[in-house]
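Contents: one structure, followed by commentary.
Excluded from the calculations below are hydrogen atoms, water molecules and symmetry mates; all remaining heavy atoms, backbone and side chain alike, are included.
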Amino acid sequence: MWSFPERIGFNDVSLFMDKFNNKNKYTFLVFDLTATEHIHSSFVGFLLHVKDHMQTKGGNLIIYL
């Protein structure tokens with residue numbers, strides 16, 4: 001499970017992308033965004049990338065809002 005901070009800025013997204021790409025063998029992934037109140041628009045792109053990757057690999061992505 002990945003837990004995200006209250007604010008996700010532009011620079012944070014590249015760190016999340018690096019972390020995801022370095023461990024891209026996920027078959028099941030949970031994103032906990034319950035504490036997150038503000039996101040940079042680039043984070044939406046990251047979520048779409050992860051969703052597409054997980055679907056392509058036959059994995060599951062769960063997002064708690």
Measuring from Met17:CE to Asn22:CG, what's the distance to the nearest 0.5 Å? 11.5 Å
Flag the pair Tyr64 / Val30 as yes when at least one side-chain heavy-atom distance between them is below 4.5 Å, and no otherwise. yes
Value rounded to 0.5 Å, distance of CD1 in Ile39 from CZ in Arg7: 12.0 Å
Taking the six-membered ring for Trp, are Phe46 and Trp2 parallel (under 30°), tilted (30 to 60°) or perpendicular (over 60°)? parallel
Val13 and Phe10: same hydrophobic cluster, using ILVMFWY side-chain contacts below 4.5 Å? no
Indicate if Leu48 and Phe16 have the same hydrophobic cluster label, given that clusters are the connected sets of ILVMFWY residues with side-chain heavy-atom separations under 4.5 angstrom. yes
Is there a side-chain contact between Ile63 and Leu65 (heavy atoms, below 4.5 Å)? yes
Between Phe4 and Phe43, is the gap from one ring center to the other below 6.0 Å? yes
Just so I know, are the side chains of Met54 and Asn60 near enough to count as touching, which here means a heavy-atom distance under 4.5 Å? no
Is any side-chain heavy atom of Leu61 closer than 4.5 Å to one of Val50? yes
If you round to the nearest 0.5 Å, how far is NE2 of His49 from CG of Leu47? 11.0 Å
Flag yes if Leu29 and Val44 sit in one hydrophobic cluster, no otherwise; membership is Ile, Leu, Val, Met, Phe, Trp, Tyr, and two members link when side-chain heavy atoms are under 4.5 Å apart. yes
Measuring only between side-chain heavy atoms, which start at C-beta, is Leu33 closer than 4.5 Å to Ile8? yes
Looking at every non-hydrogen atom in both residues, tell me the closest pair between Pro5 and Thr36 and how far apart they are. O-OG1, 2.7 Å
